[in-house]
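Working notes for the structure below.
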Amino acid sequence: MNNSTETQTKSGFDFGKIVSKLGPLLALIVLVIIVSALNTSFLGINNIMNLLQQVSINALIAFGMQFVILTGGIDLSVGSILALSGAITAQLIVSGFSPIVAFLIGAACGAVFGALNGLLIAYGGAAPFIVTLATMSVYRGLTYVLTNGNPITGPAMNDSFSFQFLGQGYLFGIPFQVYLMVLGFAVFYVLMHKTAFGRKTFAIGGNEKAAFVAGVKTKRILIWIYVIAGFLAAIAGLVLTSQLGSAQPDAGTSYEMDAIAAVVLGGTSLAGGKGKMSGTLIGALIIGVLNNGMNLLGISSFFQQIVKGIVILVAVLLDRKQAKN
Amino acid sequence: MNNSTETQTKSGFDFGKIVSKLGPLLALIVLVIIVSALNTSFLGINNIMNLLQQVSINALIAFGMQFVILTGGIDLSVGSILALSGAITAQLIVSGFSPIVAFLIGAACGAVFGALNGLLIAYGGAAPFIVTLATMSVYRGLTYVLTNGNPITGPAMNDSFSFQFLGQGYLFGIPFQVYLMVLGFAVFYVLMHKTAFGRKTFAIGGNEKAAFVAGVKTKRILIWIYVIAGFLAAIAGLVLTSQLGSAQPDAGTSYEMDAIAAVVLGGTSLAGGKGKMSGTLIGALIIGVLNNGMNLLGISSFFQQIVKGIVILVAVLLDRKQAKN
Amino acid sequence: GGASLGNSSSNSSKVTKKAKKDVKVGVSLSTLSNPFFVNLKKGIDTEAKKAGTKVETFDAQNDSAKQNNQISDLITKKVDVIIVNPVDSDAIVTSVKKANNAGIPVIACDRGSNGGKVLTTVASDNVLAGKMAGEYLQKLVGKNAKVAELEGTPGADAAVQRGKGFNKIAKDNLDLVTKQSANFDRAKGLSVMQNILQAHNDIKGVFAQNDEMALGAAKAIKNQDIKIVSVDGTPNGLSAVKKGTIDGIIAQEPKAEGRLALQAAYDHYADKKVKKTINSPIHLVKASDYK
Amino acid sequence: MKIEMKGISKSFGKNEVLKDVNFTVHSGEVHALMGENGAGKSTLMNILTGLLDANGGEILVDGQPVKYDDALQAEHSGISFIHQEMNNFGEMTVLENMFLNHEIKGKFGMLNMKEMRAEAKKVLQRLNVDIPLNVPIGTLSVGTQQMIEIAKSLMNDTKILILDEPSAALSEKEIDSLFDIIRGLKAQGVGMIYISHRMQEIFEITDRITVMRDGLTVASYPTAEVDVHQIIKDMVGRDLSDFYPDREPKYGETRLEVDHFTSQGVFNDVSFSVKAGEILAFSGLMGAGRTEIMRALFGIDHHDSGTIKVNGQEVNLKTPSDSIKHGVGFLTENRKDEGLILDASIAANIDLPSIDGFVKHGLVDQKADNDFVEMLIKRLTVKATSRNDLAGDLSGGNQQKVVLAKWVGSGSQILILDEPTRGVDVGAKREIYDLMNELTDRGVAIIMISSDLQEVLGFSDRIAVVYEGRLMGEIATQDANQEKVMTLATGGKLDE
Ligand SMILES: Nc1ncnc2c1ncn2[C@@H]1O[C@H](COP(=O)(O)OP(=O)(O)OP(=O)(O)O)[C@@H](O)[C@H]1O
Ligand SMILES: Nc1ncnc2c1ncn2[C@@H]1O[C@H](COP(=O)(O)OP(=O)(O)OP(=O)(O)O)[C@@H](O)[C@H]1O
Ligand SMILES: [Mg+2]
Ligand SMILES: [Mg+2]
C-alpha cells in the first residue's frame with residue numbers, strides 16, 4: 001500500500017511537470033480524446049483530412065495575427081482584407097488574367113492593405129485596435145463596391161485547373177491547402193524564432209520604448225508586421241475563393257476573432273512580447289477540432305456557441321494558471 | 001497689410017489653442033456643419049429628436065465601455081448581454097410578470113453577466129479581450145437557446161403602457177430614452193470624475209500594480225466595473241426591446257464595436273488611465289450624426305462603410321496628433 | 001498519388017430503399033438568426049418527428065466556408081441525405097460535388113446550387129416575390145408615387161434577388177427616391193426609416209426586403225399614411241398585417257418549404273421519382289384580408 | 001575621440017531644462033557630470049545620443065559637427081549609453097537582451113546562437129560575473145540586470161561610454177568590480193561620462209567634475225583640485241555642512257512586531273520589531289531577500305507562516321489595502337513599476353492611498369484634496385511646474401519624492417522605505433533624511449532598506465542584516481562599523 005502511494009506521488013509530480021511543459025497541446029489532446037471517444041469516425045483518415053483542410057484558413061490568418069499580437073497590437077481588418085483580396089483576384093481572372101498572375105496580384109494587394117494599416121499605426125500614433133477597426137470597415141466597403149454586392153464567379157474560374165487546385169486540389173491524398181499551411185508554418189516559424197526580425201518583434205511587444213532606445217527601427221518593423229498579416233490574410237482569401245469557386249463579398253466576416261482566439265489559446269500574450277509559433281498552430285487545431293467535433297457529435301448550433309465559449313475560457317484560464325506557477 | 005498678417009497670426013494661434021481644447025467636439029461640429037449644409041432637414045427639430053434617440057442606445061453602452069477601457073480592459077460581450085437581458089425581460093413579460101418587475105430582473109441579469117466577466121478577469125488572470133470574446137459567444141448562445149431563434153413578442157408586451165413607454169414614450173416632446181441617456185451621463189459622469197471609485201478606475205488603468213500597492217482593491221473595483229458595463233448594456237437592451245416591441249435573438253450584434261469607437265473617438269486611450277466622460281458622449285454623437293447624415297444624404301450602404309471607416313480614422317489620427325503637441 | 005482535384009469521379013448507384021424512420025438526415029441552414037429559416041427548420045423537424053426520422057441541423061451563420069465544413073462533417077457522419085440551404089449558390093458547388101462523390105443525395109432548399117448534382121431544388125422564387133411586392137405596392141400608392149426601399153444585408157442572396165424583382169416593377173411604375181440598407185434587422189429598419197423620413201417626408205410607400213425591417217419601419221412611420229409591403233411571412237410579420245401596421249406581405253411558407261424538402265428525401269428512398277424543382281408556394285397576404 | 005557640446009538648450013513645453021550647457025569629454029578620462037535631480041543630466045545625454053533633439057547649440061565630435069538620428073547611429077560612431085532607467089525586455093532571455101539589435105547572423109540571415117553565446121560568455125567573464133544566459137532577464141535582480149547592461153555596452157567598440165547612475169542598484173561588492181572595469185577601460189583609452197549622486201564614488205573614480213545648475217554649466221574642475229563641499233555648494237547653491245543630520249531618537253511603544261515570518265524558499269524564520277520613533281535599517285547584499293520580506297509583510301506577496309503585530313495587536317495583512325488601514329506604508333524599490341502611475345498627474349499619484357479620506361457625501365472633496373497635495377509638494381520640495389504635471393515627466397529624484405509624498409500623506413505610522421534615496425541628489429537626500437527625522441519625532445516607526453552602507457551607518461538607529469533570506473543579526477548603529485555589517489551580510493558570525 002505504502003509503496004504504491006509513493007509511486008503515485010512520484011508519477012503525479014512528473015505528470016505535473018509534463019502538464020506545464022505541454023501547455024496548450026494538452027488541451028488539444030484532451031479534446032481529441034473526448035471527441036474520438038464519443039464518435040468513432042473522428043479519427044478516420046477522411047475526417048482528419050477534412051479537419052486539416054478546415055483548419056488551414058484560420059491557421060494562415062492566425063500566423064500573421066501572431067506577429068501582430070507579439071508586438072502588442074491587434075489586426076481586426078484581416079477578415080476584410082481576405083474578402084477584398086479574394087474579390088480582386090476573382091475579378092482579374094474573370095476579366096481574363098491568368099489565375100497565377102491574378103493570385104500574385106491578389107497576394108500583393110493583401111500586403112499593400114496590410115502596409116496601409118502599418119503606416120497608420122506606426123506614424124499615426126493611434127492604437128492598432130481602432131485603426132484596424134476603421135480599415136476593417138473601409139476594406140469591407142471597398143469589397144462591396146468592387147463586387148457590387150454580388151459574388152464574383154465565372155467559367156474562367158471554375159474551368160481553370162490551377163485556380164481550382166489551390167483550394168480544392170489534392171497532392172498524394174492530402175488537400176493542397178494543408179501543404180500551404182505547413183509551408184506557412186515553417187517559413188514564419190523560422191522568421192519568428194530564428195532571425196533578428198523575430199527578435200525585434202518580440203522586443204517591440206516586450207517594451208516598445210526600450211526597443212526604440214536600443215535603436216530598433218520600430219516603425220519599419222511594425223509596418224512589415226502588418227504587411228505579413230495582410231499578405232497571409234490575402235493568401236487565405238485566395239484559398240477560400242478557390243475552394244468556394246467564387247469570391248463572396250462578405251467572406252471572412254469575423255474571422256479575425258477566430259484567429260485571435262487561436263493565437264491566445266496557443267499561449268501568446270495579448271500584451272505582446274511572449275509566445276510561440278507552435279502554440280498558434282495548436283490553437284488553430286483546437287478551434288478546428290472543436291468545430292468539427294461538435295458537428296460530428298451533432299450538438300445543436302445554439303449550444304455550439306456556448307460550448308465554444310466555455311472551452312476557450314477553460315483553456316485560457318488553465319494556461320494562465322500554469323503560467324503563474 | 002502687415003497689420004492684418006499680424007492679426008491673422010495671432011488669431012491663428014488662438015485658433016490652434018481652441019482646436020486642441022475642443023478636441024473631439026471639433027470633429028462633431030465639422031461633421032454637423034457638413035451634413036447640415038448638404039441637407040436642410042438635418043437640423044430640423046424632428047430629426048434632432050430622431051438622432052438623439054438613435055444615439056442613446058450606443059451612448060448608454062459606451063458609458064459602461066468607457067469605464068472598462070479606462071482600466072485598460074475591453075468588453076466584447078456587451079452586445080450579447082444586451083440581447084440576453086432583453087430576451088429574459090421579454091420572456092418574463094410574456095409569461096405574465098409585470099413589465100416593471102421584468103425590467104428590474106432584466107437589468108439585474110445584465111449586472112450579473114457583467115459580474116461574471118469581472119470575476120473571470122480579476123481572478124482568472126486572463127486578458128479581458130479573450131474572456132469577453134468567450135462570454136460573448138456564451139451569452140449569445142444562451143440567447144438563442146432561450147428564444148429558440150425567434151423574436152419574443154406578445155400582446156402582454158405591446159399592450160402595456162409602461163413597457164412601451166421606455167423605448168417609445170415621449171416626455172415634453174422628447175423621447176424618453178433621451179432622458180435615460182442624459183441621466184446615465186450625469187450619474188456616470190459623477191462616478192467617474194467626482195468619486196473615489198472613479199479615481200481608482202483611472203489608477204488601475206494607469207498602472208495596475210502601483211494602484212494595488214497604493215491600497216486600491218483592484219479586483220473588487222474591476223468586478224464592479226464590468227458590472228456597470230453589463231448593467232448599462234442590459235438597460236440598452238431593455239430600451240431596444242421596448243422600442244422594437246420584441247426581443248430579437250440577434251439584437252446588439254457588433255454593437256460593442258460602435259461603443260468602442262465612440263469611446264476612442266471621445267479621446268479615451270485604449271491603454272487605459274486617460275479619458276473623459278464628455279468625450280464619450282461626443283464620440284457617440286459623432287457616430288450617430290454619421291449614420292443619420294449618410295442616410296439623409298442617401299449615400300449607398302456600400303460607401304457608408306467606407307466613409308464611416310475614414311471618418312473614424314481621421315478623427316482619431318487628428319486627436320492623437322494634438323495629444324502629441 | 002499525384003496532384004488532382006478532389007472531385008474526380010462520381011458513381012451513381014441504384015437506390016436502396018429505406019423506411020422513413022431509417023433515413024438519416026443532415027441539414028445545413030444558411031442562418032438561424034432569421035425567423036424564416038428557423039421556421040424552415042421547424043417544418044423539417046415537425047415532419048421528421050411524425051415519422052421518427054433522425055435529423056441533425058447546423059447553422060452556417062451566413063458563412064460559406066463554415067457551411068462547406070459542415071457538409072464535410074455530415075459526409076463523414078455518413079448521413080443518408082443532405083438538405084442544404086446554401087449561403088451562396090456558387091460557393092456551395094464544391095460541397096455538392098463532394099457529396100456526389102460520396103454518393104449522398106443533396107436537396108437544395110430556398111437557394112439552388114450552381115453546379116454539381118442535386119436531387120431537387122425546393123425554393124420559393126425570390127425574384128417573383130420582389131415583383132409581386134412591387135406590384136402590390138404600386139396598387140396601394142398609385143402609379144409613379146414616391147417610394148423608398150429598405151435593403152437587406154448587402155450582398156446577401158435574398159437581398160439581391162428581391163431587390164431585382166422589385167426594381168423591375170419600380171423602374172417604370174414607381175418613383176423610387178432612395179434605397180438604404182438596414183441589414184435585414186428590425187432595429188436598423190427603425191433608425192434608417194426614421195432618417196429616410198427626415199430626408200423625404202413626401203413618400204407614400206416603402207418596400208422592405210424582409211418582415212423584420214418592415215416591422216422596424218412601421219415603428220418609425222407610426223400613424224402616417226405610408227404603405228409598407230415586405231417579403232417573408234414570419235409570424236410577427238403576419239400578425240402585423242392583421243393589425244394593419246404592415247399593409248402587405250408576400251408570404252413565403254418556410255414550414256411548407258421544409259416539409260417539401262424532407263418529403264423529397266422520403267420519396268427518394270422510397271424509390272419514387274423526384275421532380276428537378278419543387279416550387280414552394282408564395283402568396284400575398286394583405287391587410288384587407290383580415291377586415 | 002573628443003566630444004564637445006556647446007551652448008545646448010532644450011525645453012519641454014514651458015519647462016526650460018537646458019539653457020546654455022557646455023560639456024567636453026575626451027578619450028581616456030572619466031568625467032563626472034553632477035547636478036541636482038532634474039538638472040538635466042539625463043536630458044543632455046539623450047540629446048548627445050540622438051534620442052532627443054536639442055532646441056539649440058551644437059555637438060562636435062573630433063571637431064566635426066554631428067547630429068545622430070538614433071541611438072544606433074551614435075553607437076556606430078562609438079558612443080554607448082547605459083541608461084538611468086533600465087531599458088530591457090523582462091520576458092526575453094539574458095542572451096536575447098544582450099544581442100538585441102546586434103544579433104550575429106549566420107547563413108540565410110538566421111541567428112547564430114552558438115557564436116552569440118560564446119561572445120556573451122566572454123564579455124561576462126571580463127566583468128567577472130556568472131549569469132545564466134537562458135533565463136528571462138526580468139527574473140534577475142535589478143543589480144544583475146544593471147551588470148548585463150554594462151556587459152552589453154562592452155561588446156560594442158565603444159570609445160565614449162555614458163554611465164547614468166550605474167551604481168544606484170549595485171551593492172558595494174559590485175561597485176568595486178564596476179570600478180575595476182572602469183579603470184580597465186580607461187587604460188584602454190575609453191572616455192567615460194559618469195553620472196552619480198554618490199559623492200564618495202565621484203571622488204574615487206573620476207578625473208574631472210562638471211556641475212550643472214539651473215540649465216547652465218556652473219563649474220568644471222579636475223577632481224584632484226576640489227572637495228565635496230565645493231561641489232555640493234555648486235550643485236545646490238548653498239552650503240550643506242553635514243551630510244547626515246543628527247539623530248536624537250525618542251523611542252515609544254513597539255509599533256511593529258514580526259515573528260517567525262517565513263515564505264518557503266524565499267526567506268525563513270524572520271523575526272524583528274520596530275518601536276515608535278525608531279529607524280531600523282535592513283542591510284545585506286543584493287538579492288539577500290530584504291525586498292521580498294517587506295513585500296510579503298505589506299501583503300503584496302504571499303507568505304507561508306509567521307505572525308505580525310501592529311501596536312501589540314495581531315493583524316492579518318492580506319493585501320496592501322489591509323496594511324494601509326493598519327497604518328503601514330511601503331515605498332517600493334522600483335518606482336517605475338510599482339511606485340508611480342507615470343501617465344497620471346503628480347496629484348493623482350500622491351492622493352491615491354488617501355483618497356478614501358477625502359470623500360464627503362460620496363464625492364471627493366476636491367478643494368481639500370488639492371490643498372493636501374499642494375502641501376505635500378511643498379513639504380517635499382518636488383520640482384515641478386504644477387501638481388498637474390505628469391509623474392513620468394519628472395526627473396528620477398523628483399519621482400522618488402512624489403512616491404514618498406504619497407506615503408507621508410497617507411499618515412503611515414509604520415513606514416517601510418525600500419532604497420528611499422536611490423538616485424536622489426545630495427540636496428534632496430538631505431531633505432529626505434530631515435523628513436525621516438521629523439516623522440520619527442512624531443512617533444512614526446521607519447524600516448529602511450538600503451544598499452548604501454554609508455547611509456545605513458550614518459542614518460539609522462539599529463541595523464538588521466539579511467543573508468540568503470535569513471536574519472543574521474542586529475547591531476545597534478552606534479556599535480556598528482562597515483566590517484561588522486559586511487561580516488554578517490556575507491554569512492559570517494560576529495564573535496563578541
Ligand atoms: N519627456 C519629457 N517631457 C517633459 N519633461 C521632461 C521630459 N524628460 C525630462 N523632463 C524634465 O526635464 C528636467 C530634467 O530631467 P533629467 O531627467 O534630465 O534630470 P536629471 O538631471 O537626469 O535628474 P536625476 O538626477 O533625477 O536623474 C526635469 O525637470 C524633467 O521633469
Ligand atoms: N521577479 C522575480 N522572479 C524571480 N526571482 C526574483 C524576482 N525578483 C527577485 N528575485 C530573486 O529573489 C531574491 C531576493 O531578491 P530581493 O530583491 O528581495 O533582494 P534584496 O535583498 O532586496 O536586494 P536588492 O538590493 O537587489 O533590492 C534574489 O535572488 C532575486 O534574484
Ligand atoms: Mg537622470
Ligand atoms: Mg531590494
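Order of the sequence lines fixes the chain letters, A, B, ..., with proteins taken first and strands second; residue numbering starts at 1 for each chain. If you're wondering where the values come from, they're calculated on a predicted model, not measured in any experiment.
In Phe161(A), the CZ atom is crowded: over 12 heavy atoms of neighbouring residues, nucleotides or ligands sit closer than 6.0 Å. The environment of CZ in Phe97(A) is sparse: at most 12 heavy-atom neighbours from other residues, nucleotides or ligands sit within 6.0 Å. Applying the 6.0 Å contact sphere to NZ of Lys131(C) captures no more than 12 heavy atoms from other residues, nucleotides or ligands.
The part of Tyr144(A) that comes within reach of chain C is its side chain, from C-beta onward, which places non-hydrogen atoms under 4.5 angstrom from that chain. The part of Thr153(A) that comes within reach of chain C is its side chain, from C-beta onward, which places non-hydrogen atoms under 4.5 angstrom from that chain. For Asn68(C), the part lying under 4.5 angstrom from a heavy atom of chain A is the side chain only. Both the backbone and the side chain of Leu296(A) have a heavy atom closer than 4.5 Å to some heavy atom of chain C. Of the atoms belonging to Asn50(A), it is side-chain heavy atoms, and not backbone ones, that fall under 4.5 Å from chain C. Proximity to chain C (any heavy atom under 4.5 Å) is restricted, for Leu297(A), to the backbone atoms N, CA, C and O. Neither the backbone nor the side chain of Leu51(A) comes within contact range of chain C; no heavy atom of the residue lies under 4.5 Å from a heavy atom of that chain. For Phe176(A), no part sits under 4.5 Å from any heavy atom of chain C, backbone or side chain. Heavy atoms of Asp63(C) lying under 4.5 Å from chain A belong exclusively to its side chain. Contacts between Glu56(C) and chain A at a heavy-atom distance below 4.5 Å involve the side chain alone, from C-beta outward. Contact annotation for Gln67(C): neither backbone nor side-chain heavy atoms come within less than 4.5 Å of a heavy atom of chain A. Both the backbone and the side chain of Gln54(A) come within contact range of chain C, with heavy atoms under 4.5 Å apart.
To the nearest 0.5 Å, the span separating OG on Ser64(C) from CG on Leu240(A) amounts to 7.5 Å. For the atom pair Ser41(A) OG and Ile75(C) CD1, the distance stands at 12.5 Å (nearest 0.5 Å). Once rounded to the nearest 0.5 Å, the distance linking CG of Leu74(C) with CG of Asn295(A) reads 7.0 Å. Residue Asn46(A) holds its CG atom at 8.0 Å from NZ of Lys78(C), rounded to the nearest 0.5 Å. Taking OG of Ser301(A) as the reference point, atom CD of Gln70(C) lies at 8.0 Å (rounded to 0.5 Å).
The two atoms that bring Ala91(C) and Ser246(A) nearest to each other are N-OG, 4.0 Å, heavy atoms only. Annotation for Gly149(A) and Val160(C): closest pair O-CG2, 4.2 Å, computed over non-hydrogen atoms. Considering all non-hydrogen atoms of both residues, Phe58(C) and Ile299(A) come closest at CE2-O, 4.0 Å.
Contacts with chain A (heavy atom to heavy atom, under 4.5 Å) involve no residue of residues 36-45 of chain C. Using non-hydrogen atoms only and a strict 4.5 Å limit, the part of residues 249-257 of chain A facing chain C consists of Pro249(A), Asp250(A), Tyr255(A).
Between chain A and the residues Asp59(C), Asp88(C), Asn62(C), Thr153(C), the most heavy-atom pairs under 4.5 angstrom are made by Asp88(C). Listed options Thr40(A), Asn47(A), Asn39(A) were ranked by heavy-atom pairs under 4.5 angstrom with chain C; first place goes to Asn47(A).
At least one side-chain heavy atom of Gln61(C) sits less than 4.5 Å from a side-chain heavy atom of Gln305(A).
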